[in-house]
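Quick notes on the structure that follows.
All heavy atoms count here, side chains included; hydrogens, waters and symmetry mates do not. Letters A, B, ... are given to chains in the order of the sequence lines, protein chains preceding strands, and every chain is numbered from 1.
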2 protein chains.
Amino acid sequence: MRQFIVIGHEAPTAPDFSLDDTAGGAGRLDVLCRCVTAAFFLSHSIRSDVRCRLVLSDSYTVRFEGSSLRRLNPDERSTAARIKGALEQRDHAIGHMETNPSPGVYLSRVGTETTLTNAAEEGTVIQLHEDGRPMGAVDLPSDPVFVLSDHRDFTETEQELLSETATERVRLGPERLHADHAITVAHHCLDTDGYAQF
Amino acid sequence: MRQFIVIGHEAPTAPDFSLDDTAGGAGRLDVLCRCVTAAFFLSHSIRSDVRCRLVLSDSYTVRFEGSSLRRLNPDERSTAARIKGALEQRDHAIGHMETNPSPGVYLSRVGTETTLTNAAEEGTVIQLHEDGRPMGAVDLPSDPVFVLSDHRDFTETEQELLSETATERVRLGPERLHADHAITVAHHCLDTDGYAQF
């Protein structure tokens with residue numbers, strides 16, 4: 001399974017944001033929505049063997065499961081609506097117990113540290129970072145958990161957490177990419193791994 | 001220079017669409033908007049040496065120039081607003097004469113055939129296609145013009161035009177990707193070309 005964790009530093013923690021302003025009033029939720037699209041969409045199907053978690057301002061985590069997602073659309077607005085719908089159910093997320101507001105979407109009241117710890121138990125944590133080793137020099141694991149940041153850099157606290165949980169720091173190429181573009185490239189590297197012709 | 005042409009089969013040709021429904025009422029303009037973002041955005045800058053053309057329902061072409069683009073944002077809605085603004089100036093695009101509604105954005109009253117012919121004079125046309133040669137087997141030109149289709153397949157007429165203008169048909173990997181994800185991967189392949197470590 002391929003996993004992605006995207007840390008949203010200014011993401012909403014309540015459903016009172018406008019779908020007309022996800023890039024402004026909703027704390028750059030547009031970035032997180034594009035990450036979900038990059039994580040799951042192929043041309044005419046969904047990547048079922050993918051899990052993607054969005055950490056919302058260190059307060060909530062929305063987990064998307066490719067194996068059970070239904071009616072996900074690739075545009076930002078409809079994904080934002082799905083996150084808004086999850087936040088409307090936030091009172092049902094008690095302690096570490098998740099709520100399941102729509103097929104394949106889960107919301108829990110946990111922040112970055114617990115999300116990273118949970119993911120580290122499920123796979124090999126890889127931090128995508130400009131100072132990391134080049135992707136081509138790394139033996140890609142079969143259970144990667146890529147950790148990315150939204151439009152902001154990782155905070156010092158996040159860096160410390162990652163230094164404890166991440167097995168590798170990896171750089172995808174010579175350019176610094178948006179988080180969603182990095183997810184697309186990571187998929188590409190995994191898709192083509194073992195295919196000499198690509 | 002890297003160029004991208006994205007053919008939008010159901011894209012609007014008038015500015016009377018709602019920014020709240022680009023994935024529905026505006027003929028999947030969301031796909032074209034994400035293509036513009038993929039073509040131009042790096043983490044904290046714009047790729048200045050890129051040109052991206054969107055063909056709107058074989059009637060208009062919007063050309064984005066990285067060297068002169070200003071205030072482009074990565075979210076779908078703001079890019080859709082830029083296209084809407086260009087279409088509001090469509091009466092100023094007469095014959096093949098372009099209008100320049102905002103910095104780095106040009107609108108002309110030309111369809112797929114003229115756009116492809118113009119681009120073929122500027123660079124090496126490459127059709128991204130599932131039946132193409134693997135990207136790794138192709139010597140990448142320094143002036144590629146990648147031609148992609150939106151959520152629909154190329155029509156027979158477009159296939160014929162491409163067979164006349166395209167030097168190569170290239171496949172990026174074993175999976176079929178959305179057009180915007182294909183642009184991100186094409187950039188990645190060009191970015192890392194010549195860097196053995198990637």
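- Using a 4.5 Å cut-off between heavy atoms, A:Ser45 does not touch chain B at all.
- One hydrophobic cluster, built from ILVMFWY side chains closer than 4.5 Å, cannot hold both B:Leu148 and B:Val55; they sit in different ones.
- Residue B:Leu69 is grouped with residue B:Val6 when hydrophobic side chains (ILVMFWY) are merged at heavy-atom distances under 4.5 angstrom, including chains of intermediate members.
- Chain B forms the most heavy-atom pairs under 4.5 Å with one residue out of A:Pro174, A:Ala137, A:Ala38, and that residue is A:Pro174.
- Linking Ile, Leu, Val, Met, Phe, Trp and Tyr whenever their side-chain heavy atoms come within less than 4.5 Å puts A:Phe146 and A:Val62 in one cluster.
- Among the candidates A:Leu42, A:Thr192, A:Asp20, the residue making the largest number of heavy-atom pairs closer than 4.5 Å to chain B is A:Asp20.
- Taking A:Asp30, A:Leu19, A:Val31 one by one and counting their heavy-atom pairs under 4.5 Å with chain B, the maximum is reached by A:Asp30.
- Considering CG of A:Leu177 and OG1 of B:Thr184, their distance stands at 8.0 Å, rounded to 0.5 Å.
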### Message
Evaluate A:Thr22 against B:Arg77 for side chain to side chain contact (heavy atoms under 4.5 Å, CB included), listing each step before the verdict.
### Response
CA-CA 9 Å; A:Thr22 54; B:Arg77 188 185 177 92; over 6 Å; no

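- Proximity to chain B is absent for every atom of A:Cys33, based on heavy atoms less than 4.5 angstrom apart.
- Residue-environment remark: CD (B:Glu65) exceeds the threshold of 12 foreign heavy atoms within 6.0 Å.
- Cluster annotation: B:Ile7 and B:Leu107 are assigned to distinct hydrophobic clusters (Ile/Leu/Val/Met/Phe/Trp/Tyr, side-chain heavy-atom contacts under 4.5 Å, transitive).
- The shortest side-chain heavy-atom distance between A:His44 and B:Arg176 falls under the 4.5 Å cut-off.
- Taking chain B as the reference chain and counting heavy-atom pairs below 4.5 Å, the highest number among A:Thr37, A:Asp180, A:Asn73 is found for A:Thr37.
- Atom CG of B:Asp75 is separated from atom CG of A:Asp21 by 8.5 Å, given to the nearest 0.5 angstrom.
- Between B:His178 and A:Phe41, the ring-plane angle classifies as tilted under the 30° and 60° cut-offs.
- Between A:Cys189 and B:His188, the shortest heavy-atom contact is SG-NE2, 4.1 Å.
- The candidate with the highest count of non-hydrogen atom pairs below 4.5 Å against chain B, out of A:Met135, A:Arg133, A:His187, A:Arg171, is A:Arg171.
- Under the 4.5 Å side-chain criterion, counting only non-hydrogen atoms from C-beta, A:Pro134 is not in contact with B:Tyr195.
- Closest of all the heavy-atom pairs between B:Pro74 and A:Arg28 is CG-NH2, 3.4 Å.
- Under a hydrophobic clustering in which Ile, Leu, Val, Met, Phe, Trp and Tyr are joined whenever their side-chain heavy atoms come within less than 4.5 Å, directly or via other members, A:Phe4 and A:Phe154 fall into different clusters.
- Taking chain B as the reference chain and counting heavy-atom pairs below 4.5 Å, the highest number among A:Gly136, A:Ala23, A:Ala182 is found for A:Gly136.
- Heavy atoms only, all atoms of each residue included: A:Glu175 and B:Asp191 are closest at CG-OD2, 3.5 Å.
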